[in-house]
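Here is the structure we will look at.
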Amino acid sequence: MNAASSSNSLAERLVAGPRRALASPPCPATRPMPRHAPAIGGFTPFSTADWPGTLSAVVFIAGCPWRCHYCHNPALQTRGADYDWRDVQRFLATRRGLLDGVVFSGGEPLSEPRLYEMVDTARALDFRIGLHTAGIYPARLAALLPALDWVGLDIKADAAGYDAITGRRNSAGPAVQSLAHLLASGCDAECRITWHPDWLDEPRLLALATELSGRGVHRFAVQNARTDATRAAPARLSTPMQHALRALFPSFECR
């Protein structure tokens, strides 16, 4: 399986592929989950947005020690299991050859003690593995990187602005360490930042991007902050700044 194959839609694959029994996507568990169960707080059976160029299922891990004021998934900040990992596995087993990968997102997926086991299980089903992380746990990321095919690393701000975003002291340090581990690994990756001028003005954003480029980041994306996913961003990166950032990276997007 490779990223090029993702140009075919899931519907095309279902038509072209052999007939098989396809399990329905898992539903939230109706019974209390054991305390040791993986903290799966959400599940998306099909996504083209969470791993660019790759058809993926997305497993959302509930639990994150940071309290970013713009968090898009605040319901996933507190640890709790709403889905049964066994149901997710059964669903994924029927999607072999139809989906390219599985993305573990959150919350902060590296907060899950059984994440390594879950990744191994998904890999055994022949899926490529993607990870969304804010870089909160650099040692855990370093240990998992050999099993990953792609990482989306959320950059919150420049060093001076991290704590104001995350609501936690000294939060820039782990993120910087995680970036170093990621770049040293050679794993395919994207660094992205959710941006609003009230949090990080354009000159500071350019300085941050220049630093990231100098460290060896090849893919960078600016996600204009939205208060509502259905509405346009209240502030957008200026066209001159987009041009300046595009000149720094082989791949740049403004979303």
Side-chain angles (χ1 to χ4, degrees), residues 39-44 47 49-52 58-80 82 103-112 115 130-141 144 150-182 189-209 211-212 215 217 219-237 245 253-255:
I40 301 176
F43 181 76
T44 299
S47 171
D50 289 271
W51 181 350
V58 187
V59 179
F60 292 91
I61 300 297
C64 180
W66 287 357
R67 292 296 180 265
C68 300
H69 58 74
Y70 63 78
C71 182
H72 295 151
N73 294 318
L76 296 176
Q77 291 178 343
T78 302
R79 181 174 174 82
D82 294 328
V103 175
F104 291 91
S105 187
E108 172 52 60
L110 288 168
S111 69
E112 171 53 54
L115 182 62
L131 179 77
H132 293 170
T133 180
I136 302 173
Y137 301 103
R140 298 179 192 180
L141 176 62
L144 190 62
W150 177 83
V151 174
L153 179 62
D154 293 321
I155 305 296
K156 301 299 183 180
D158 58 11
Y162 246 83
D163 293 355
I165 295 289
T166 65
R168 296 293 184 264
R169 293 181 178 179
N170 304 316
S171 54
V176 170
Q177 293 176 45
S178 290
L179 176 62
H181 289 315
L182 179 58
E190 173 186 270
C191 290
R192 62 274 186 99
I193 185 170
T194 299
W195 177 83
H196 190 282
D198 289 348
W199 314 334
L200 193 74
D201 61 27
E202 288 193 347
R204 285 174 62 193
L205 175 62
L206 180 59
L208 171 62
E211 178 184 353
L212 293 174
R215 288 176 175 267
V217 172
R219 292 191 181 95
F220 185 59
V222 173
Q223 302 169 156
N224 294 289
R226 290 173 171 81
T227 55
D228 184 333
T230 64
R231 298 180 180 179
R236 290 189 60 83
L237 199 63
L245 294 177
E253 289 186 42
C254 182
R255 299 167 181 163

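From a predicted model like this one, the values you see are computed outputs, not experimental measurements. The chain is numbered in sequence order, starting from 1.
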Shortest non-hydrogen contact from C68 to Q77?
O-NE2, 4.2 Å
Test: salt bridge (Lys or Arg N to Asp or Glu O under 4.0 Å). Region: residues 189-200. Which pairs qualify, not counting sequence neighbours?
D154-R192, E190-R192, E190-R255
With a 4.5 Å cut-off on side-chain heavy atoms, are T133 and E108 touching?
yes
Looking at every non-hydrogen atom in both residues, tell me the closest pair between C254 and R236 and how far apart they are.
SG-NH2, 4.1 Å
T194: side chain to side chain contact (heavy atoms under 4.5 Å, CB included) partners, not counting sequence neighbours:
Y70, H72, W199, Q223, A225
Identify every side-chain donor-acceptor pair in residues 165-172 under 3.5 Å, counting partners at least two apart or on other chains, and give the distances.
unit_1 : atom_1 : unit_2 : atom_2 : d
T166   : OG1    : Y162   : O      : 3.3
T166   : OG1    : R168   : N      : 3.2
T166   : OG1    : R168   : O      : 3.3
T166   : OG1    : S171   : OG     : 2.8
R168   : NE     : P65    : O      : 2.9
R168   : NH2    : P65    : O      : 3.4
S171   : OG     : D163   : OD1    : 2.8
S171   : OG     : R168   : O      : 3.4

With sequence neighbours left out, write down each residue that passes ring pair (Phe, Tyr, Trp, His ring centres under 6.0 Å) with W150, or none if nothing qualifies.
W51, H132
Measure across L131 and L141 and return the closest heavy-atom pair with its distance rounded to 0.1 Å.
CD2-CD1, 3.8 Å
For V58 and S105, which heavy atoms make the closest approach, and how far apart are they?
CG1-CB, 3.9 Å
So do the side chains of C191 and L179 get within less than 4.5 Å of each other, counting heavy atoms only?
yes
Test item: L110 and I136 side chains (from C-beta on) under 4.5 Å apart, heavy atoms:
no
Mind listing the closest non-hydrogen atom pair of L182 and A189 along with its distance?
CD2-CB, 3.7 Å
What residues, two or more places apart in sequence or in another chain, satisfy salt bridge (Lys or Arg N to Asp or Glu O under 4.0 Å) together with D158?
R204
With sequence neighbours excluded, what pairs up with E202 under the salt bridge (Lys or Arg N to Asp or Glu O under 4.0 Å) test?
none
Is there a side-chain contact between W195 and N224, using heavy atoms and a 4.5 Å cut-off?
yes
Which residues satisfy the side chain to side chain contact (heavy atoms under 4.5 Å, CB included) test with P138, sequence neighbours excluded?
P174, Q177, S178, H181
For L76, side chain to side chain contact (heavy atoms under 4.5 Å, CB included) partners two or more places apart:
F60, A62, N73
Which residue pairs satisfy the salt bridge (Lys or Arg N to Asp or Glu O under 4.0 Å) criterion with at least one member in residues 59-80, sequence neighbours excluded?
R79-E112
Side-chain heavy atoms of L153 within contact of V217, under 4.5 Å:
no
Among all residues two or more places apart in sequence or in another chain, which pass the side chain to side chain contact (heavy atoms under 4.5 Å, CB included) test with A207?
none
Taken in chain and number order and not counting sequence neighbours, the residues that satisfy side chain to side chain donor-acceptor pair (under 3.5 Å) with D82 are none
List in chain and number order the residues that pass side chain to side chain donor-acceptor pair (under 3.5 Å) with T44, two or more places apart in sequence or in another chain; answer none if no residue qualifies.
none
Where P109 and I61 come nearest, the two heavy atoms and their spacing
CA-CB, 3.7 Å
